[in-house]
2 protein chains.
Amino acid sequence: MARKQGSHSDITGPKVRQAASKLIARHGYAAVSMRQIAAEVGVQAGALYNYTPDKQGLLLDLIGSHMDDLAQALAQVDLTGPPLTALEAFIRFHIRFNVPRAEAVFLSYMELRNLEPENFAQIEARRRDYEQRLGAILEAGMAAGDFIASDPRVTTMAIIGMLTAIPQWYREGGRLPLSEIEDIYWGLVRRSVVAA
Amino acid sequence: MARKQGSHSDITGPKVRQAASKLIARHGYAAVSMRQIAAEVGVQAGALYNYTPDKQGLLLDLIGSHMDDLAQALAQVDLTGPPLTALEAFIRFHIRFNVPRAEAVFLSYMELRNLEPENFAQIEARRRDYEQRLGAILEAGMAAGDFIASDPRVTTMAIIGMLTAIPQWYREGGRLPLSEIEDIYWGLVRRSVVAA
DNA sequence: GTCTATAGCGGGATAGAC
DNA sequence: GTCTATCCCGCTATAGAC
């Protein structure tokens with residue numbers, strides 16, 4: 001409440017992140033200049049440094065925020081049920097979360113290599129934690145005999161790969177609604193891992 | 001035979017492409033300078049222009065050569081059998097072709113956006129042709145009742161996504177041999193699409 | 001075919017006025 | 001908080017000697 005209404009920093013800050021996300025997702029981190037980002041926001045390049053210590057900090061902020069959002073959203077999902085229920089919940093969550101965030105997903109994956117080593121390690125650890133949530137479901141289901149006994153780690157990577165590719169081809173307003181895509185993918189996964 | 005043995009252009013040319021592929025795969029097209037590529041080869045930057053008209057031409061050469069290799073290798077595969085046989089052949093071919101070429105696969109996908117529009121369109125068309133080979137198998141199998149009737153286009157993208165992610169985590173000399181990875185993936189695909 | 005040297009440009013980041 | 005101006009650097013690509 002003490003904060004002034006209309007303060008520029010409340011408006012410009014988000015605009016900087018949004019402009020950077022859009023341009024970096026489209027052209028790549030190294031190919032986008034601070035001047036281009038500033039032009040997209042409608043300020044001069046020097047003004048960006050009120051919102052980020054440097055270009056690398058901006059990238060880390062974008063990817064880190066995306067990982068925050070992912071972790072927080074997953075925390076709302078109940079994965080404590082039986083393996084089959086948990087698996088379906090995870091699959092549907094992943095699709096519903098990622099597809100509307102195609103830009104951030106794409107950026108967070110493609111620009112990992114442009115993070116400085118310590119930043120990279122931190123993000124990578126969080127990504128592995130996320131994947132391991134799926135891995136644990138598969139392990140539990142295989143141990144219980146609900147799922148076909150196969151290699152849970154390879155199966156995890158196969159499912160994550162399949163799901164993560166969706167935002168690359170799915171277009172809103174396309175041939176099929178997202179709910180149907182979700183059903184199709186769940187069908188593919190269910191048949192491939194659930195014991196008959 | 002008229003060509004002199006030991007001519008530098010026969011040796012330096014491939015070295016330039018190899019160095020560029022390695023560096024661009026690791027750091028990204030925009031982040032890698034012609035000077036870095038030259039240093040990796042062991043020449044000065046100006047010498048590179050004996051082998052490429054410009055930096056963009058080098059990128060197009062790398063991605064285009066990869067697509068050439070892919071098309072030529074696929075042409076050796078017999079996909080004329082019944083859908084189930086053709087599907088297995090395609091799956092195993094894709095894994096066997098892509099995994100040992102992780103660097104080129106990664107680069108060819110990640111750097112598409114750095115191709116100039118006409119170059120991009122040409123590569124993209126060839127990629128779609130490749131994916132359609134799988135699509136046709138799925139359509140035939142669904143029409144014949146061998147495969148579970150589902151959406152062939154979405155299923156194509158799901159399978160391609162699953163397979164294409166393999167080089168991102170598979171490491172030679174890792175826990176499992178490639179032949180076993182191949183078997184696991186074929187099992188996943190078979191169960192998900194083949195009618196019981 | 002490779003070198004050295006350089007033209008010409010655009011990059012990230014900072015200083016100081018307002 | 002934003003601006004203008006600028007420092008210093010590295011980039012692509014070319015010219016001309018060898």
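Values in this document were obtained by computation on a predicted structure and should not be read as measured data. Every chain is numbered from 1 and lettered A, B, ... according to where its sequence line falls, protein lines coming before strand lines.
Scanning atom types as modelled, one donor and one acceptor separated by under 3.5 angstrom connect the side chain of A/R35 and the base of C/dG12.
C/dG11 atom C1' lies 15 Å from atom CD1 of A/I24, rounded to whole Å. Rounded to whole angstrom, the span from the CG atom of A/L59 across to the P atom of C/dG12 amounts to 13 Å. Rounded to whole Å, the distance from CD on B/Q56 to C1' on D/dA13 is 15 Å. In this structure, A/L58 places its CG atom 10 Å from P of C/dA13, rounding to the nearest Å.
Along DNA chain C, the nucleotide nearest to A/K55 and the one nearest to B/G46 differ in position, and the one closer to the 5' end is contacted by B/G46. Where B/P53 and A/A45 meet DNA chain D, the nucleotide closest to each residue was compared, and A/A45 sits on the side nearer the 5' end.
Between B/F97 and B/Y130, the distance from one ring center to the other does not fall under 6.0 angstrom.
Nearest nucleotide to the side chain of B/V43, out of C/dC3, C/dA13, D/dA13: C/dC3. Side-chain proximity of A/D54 to the nucleotides C/dT2, C/dA13, C/dT4 is greatest for C/dA13. Comparing D/dT14, C/dC3, D/dT2 by their closest approach to the side chain of A/N50 singles out D/dT2. With distances taken from any side-chain atom of B/Q36 to the nucleotides C/dT2, D/dC11, D/dT2, the minimum falls on D/dC11. Side-chain atoms of B/S33 lie closest to D/dC11 of the nucleotides D/dC11, C/dG12, D/dG1. In the set C/dG12, C/dG1, D/dC3, the nucleotide with an atom closest to the side chain of A/M34 is C/dG12. If you check D/dC3, C/dC3, C/dG12 against the side chain of A/Y49, the one that comes closest is C/dG12. Of the candidates D/dT2, C/dT2, C/dC3, D/dT2 carries the atom nearest the A/A47 side chain, counting heavy atoms from C-beta on.
The shortest distance between the side-chain N/O atoms of B/Y51 and the OP1/OP2 oxygens of C/dT2 is below 4.0 Å. Residue B/Q44 has no polar side-chain atom (N or O) positioned under 4.0 Å from OP1 or OP2 of C/dT2. In this model, the phosphate group of D/dT2 is approached by a side-chain N or O of A/T12 to a distance below 4.0 Å at OP1 or OP2.
Among the atoms of the strands shown, only primed sugar atoms or phosphate atoms (P, OP1, OP2) are found under 4.0 Å from some heavy atom of A/V32.
The closest side-chain donor-acceptor pair between A/Y109 and A/Q168, if any, does not fall under 3.5 angstrom. No side-chain donor from either of B/D129 and B/Q132 sits under 3.5 Å from a side-chain acceptor of the other. Judged purely by distance below 3.5 Å, without hydrogens or angles, the side chains of B/T156 and B/E131 never pair a donor atom with an acceptor atom.
Between B/R190 and B/E88 there is no salt bridge, since no side-chain nitrogen of the basic residue lies less than 4.0 Å from a carboxylate oxygen of the acidic one.
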